Protein chains: 2
Amino acid sequence: MDLSERKLQILQAIITDYVQNAEPVGSRSIAKKYGLGVSPATIRNEMADLEEMGYLTHPHTSAGRVPSDKAYRLYVDDLMQKRNLTPQEKRIINERLRANMNEFDQTIQHAAALLSEITKLASFAMTPQTNQDTLRFVRLIPVDEHAIILMIAANSGNVTNTTLRVNVPYTNEALEILSKSMTYNYQGRTIDDVLKNAIIHDIGSDIEALSALANSVMPNFMRTLEDMLNVNLYMEGLTNIFNIPEYSSMDRARSFLELMSRKEEFTRDMLERGDGVIVTIGEENVADSMKDCSLITATYHVDGKLVGKIGVIGPTRMKYSEVTSIMEYLTQNLSESFRLTSGKDTDSNE
Amino acid sequence: MDLSERKLQILQAIITDYVQNAEPVGSRSIAKKYGLGVSPATIRNEMADLEEMGYLTHPHTSAGRVPSDKAYRLYVDDLMQKRNLTPQEKRIINERLRANMNEFDQTIQHAAALLSEITKLASFAMTPQTNQDTLRFVRLIPVDEHAIILMIAANSGNVTNTTLRVNVPYTNEALEILSKSMTYNYQGRTIDDVLKNAIIHDIGSDIEALSALANSVMPNFMRTLEDMLNVNLYMEGLTNIFNIPEYSSMDRARSFLELMSRKEEFTRDMLERGDGVIVTIGEENVADSMKDCSLITATYHVDGKLVGKIGVIGPTRMKYSEVTSIMEYLTQNLSESFRLTSGKDTDSNE
DNA sequence: GATTAGCACTCCGCAGCTGCGAGTGCTAAC
DNA sequence: GTTAGCACTCGCAGCTGCGGAGTGCTAATC
């Protein structure tokens, strides 16, 4: 079952050629371009073997060979050699990532744009799942007699606020007491935990006015926590698929774009993938309209803990070596920059 | 130059038919379907006249007629009668809009999704331009020794925060004084105004520690204000264009999607459009790849003042009457719900 | 036994042709 | 002014034939 050295060489040659030219490759052109020292006829025999073993396919009798998913899998696992980025490429990534650091989401989106720009593929980036993020403090800030701002700060550096309408009269002192009490109760607990276990009368108070205020605030608090759990998804370079021969048929392009526009579904699927750089090829993908694509995802970390994802989608005929290297470098870089932003000691209590 | 009653009827019939079927309409089918009491031959004569006047075109000799941009313009300006929404349609819009009111941007995005769902067209929504928004207060909140949260609340109800790293030691009192001082200085002024005219030593202080802190905070403050000016753009239902016969050619679909993915450019173009419901047809559009589209935009208001936009893009062959009615209703509804959210008296001082 | 040359064969893609259907424009009659 | 009739135009779908690319097989060669 093992592949002879020569078979491997031929297979690699076919993959290389096909990745570059997107056209079935014939025995003659291999013999010519990749000096293996044998004639086309020999290569044809080997190719016939490789086809029987499932590494190659045939669009039709008189066409050249095309690598199968299995071939790409072999390539990614064993044949491919890691390509180091040039200093120039590294520099570009560094510069572009640091350029826009003001808002977290912006940075993430930028990273996706950068990735798609470099690889010329469709890319996406997701903000981290935050259910394991812990709360740092809660604060209620008066706006006017009908409105207050609810502010929730998490230890990852994530801070959210919503303006809420309250229909009970309140005093600034009451707000402060409630803020402190909520902070005291929830500080250090994960969002998940608070959502599941926070009972409204945690905050309960003997003072009637305060408890009325709490009753008015708590549902909004919970709702906002739920919002915080939402993962944001940014997609970039979707129109790159038009440059890919595989998608020159309308139907394919369409079903691909439709897949990408069902964002909730897509997000869910992506969250299920493991950590690190993961490559899934063609049929290995779950989504139907991705059966002829390859998907590469990688993870970055915020504050060393929360995990976000970034990914690339393209034809199975893809420069795996290059793309995985880029993604590895990019996510490392992202993780580092998010360590800086949120400080070293975010775990300390207030 | 004026069109006879019969010509108008025929023109209207052609438009109606073409909008529905997306196929050039012939004299016979008009005579049949839209009982005008005349024979196809007569209609042919009239059509020839209409063509000469620029209201109709001919894909080729043996094809039916197709309305020109000029015809649609006439239709939108004079012929079209406003279509009232059914109570059911209104109900759907109401329900869907109220369903997700927690975050402003979410609501906007939802509105775009709803719009594209109802019209089956591509749609977008933009958050308001906020340069005329006025500041309500600024607040600095301690996080740990290296970080503070900067919170900026505007009178529209818009509240932003960023975590900033400070490399000078600070006390809670200093933060409070600085907060108050900034609020005092900027309250009631527009973001634009503050960005242009705020000089750092506005805040200047005799106390050295305080002025060091201010120096550390101010650049971030300005940057955050700039961020607040950013208009967010949400697009929905882009893949709907695949259902439109006009875009069944790859090239068209492609150039359309590429246009839409250049978001900054698109945003800029949209901001230049006037208020209320505005229809631009085919060649009237500036962007090249929109010369065969129609674009309808409408404006909604936040707090009765800030103006956001929402829009629809589709083939010139579009149900103008229906779409404009829907958009009118939708924006009214949006404006109302944003009045509620931010309260009636947001103008009062703190 | 592995390799190679040679050749028949397959199949795609393309260009050119044909017939059909839809719809027009014109003319002559009403 | 309106209409019937008819020749004409054009796009489209389907067919045909051809060239090119590449295979698979067989028989000769190393």
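A note on names: the letters A, B, ... follow the listed sequences, proteins ahead of strands, and every chain is numbered from 1. Quick caveat, the model's predicted, so the values are computed rather than measured.
Between the side chains of Asn21(B) and Arg317(B), no donor N or O sits under 3.5 Å from an acceptor N or O. In the model, Glu328(A) has no side-chain atom that pairs as donor or acceptor with a side-chain atom of Ser325(A) under 3.5 Å. Ser294(B) and Tyr320(B) share a donor-acceptor pair across their side chains, judged by distance under 3.5 Å alone. Looking only at atom types and distance, the side chain of Asp49(B) has no donor-acceptor partner in the side chain of Asn45(B) under 3.5 Å away.
Note: CG (Asn45(A)) to C1' (dC25(D)) measures 10 Å, nearest angstrom. At whole-Å resolution of the value, CD1 in Ile30(B) and P in dT24(C) are 9 Å apart. Rounded to whole Å, atom C1' of dG22(D) lies 8 Å from atom NE2 of His58(A). In this structure, the CD1 atom of Ile43(B) is 12 Å from the P atom of dA4(D), given to the nearest Å. Taking atom CG of Leu50(B) as the reference point, atom P of dT24(C) lies 13 Å away to the nearest angstrom. Atom pair Leu36(A):CG and dA2(C):P shows a separation of 18 Å (rounding to whole Å applied). Rounded to a whole Å, the CZ atom of Arg44(A) is 15 Å from the P atom of dA8(C). When rounded to the nearest whole Å, the span between CD of Glu5(A) and P of dA2(C) equals 18 Å.
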Tabulate protein N/O versus nucleotide N/O from nucleotides 28-30 of chain D, keeping only pairs under 3.5 Å, one per line.
none

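No donor-acceptor pair under 3.5 Å is formed between the side chain of Lys33(B) and the backbone N or O of Arg28(B). Side-chain atoms of Gln20(A) never come within 3.5 Å of backbone atoms of Asp17(A) as a donor-acceptor pair (strictly under, hydrogens ignored).
Considering only side-chain atoms of Met47(B), the nucleotide from dC11(C), dG25(C), dT24(C) that sits closest is dT24(C). With dG25(C), dT3(D), dT4(C) as the candidates, the nucleotide lying closest to the side chain of Ala41(A) is dT4(C). Distances from the side chain of His60(B) to the nucleotides dC10(D), dA5(C), dT3(D) place dC10(D) closest. Taking every side-chain heavy atom of Thr61(B) into account, dT9(D) is the closest of dT4(C), dT9(D), dG25(C). For Thr42(A), counting side-chain heavy atoms from C-beta on, the closest listed nucleotide (dG25(C), dT3(C), dT23(D)) is dT3(C). Among dT23(D), dT3(D), dT24(C), the nucleotide with an atom closest to any side-chain atom of Ser27(B) is dT24(C).
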Practice prompt. Walk me through it: do Arg96(B) and Glu117(B) pass the test side chain to side chain contact (heavy atoms under 4.5 Å, CB included)?
Written response: CA-CA 11 Å; Arg96(B) 293 282 298 275; Glu117(B) 202 179 303; 3.1 Å; yes
Discussion item. Using ring pair (Phe, Tyr, Trp, His ring centres under 6.0 Å), reason through Phe256(A) and Tyr247(A) one step at a time and then give a plain yes or no.
Written reply: CA-CA 9 Å; Phe256(A) 175 80; Tyr247(A) 285 89; 5.6 Å; yes
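Distances shorter than 4.0 Å separate some side-chain N or O of Arg65(B) from OP1 or OP2 on dG25(C). For Ser62(B) and dG23(C), the shortest distance from a side-chain N or O to OP1 or OP2 is not below 4.0 Å. At least one side-chain nitrogen or oxygen of Arg6(B) sits closer than 4.0 Å to the OP1 or OP2 atom of dT2(D).
Mapping Pro59(B) and Gly37(B) onto DNA chain D by nearest heavy atom places Gly37(B) closer to the 5' end of the strand.
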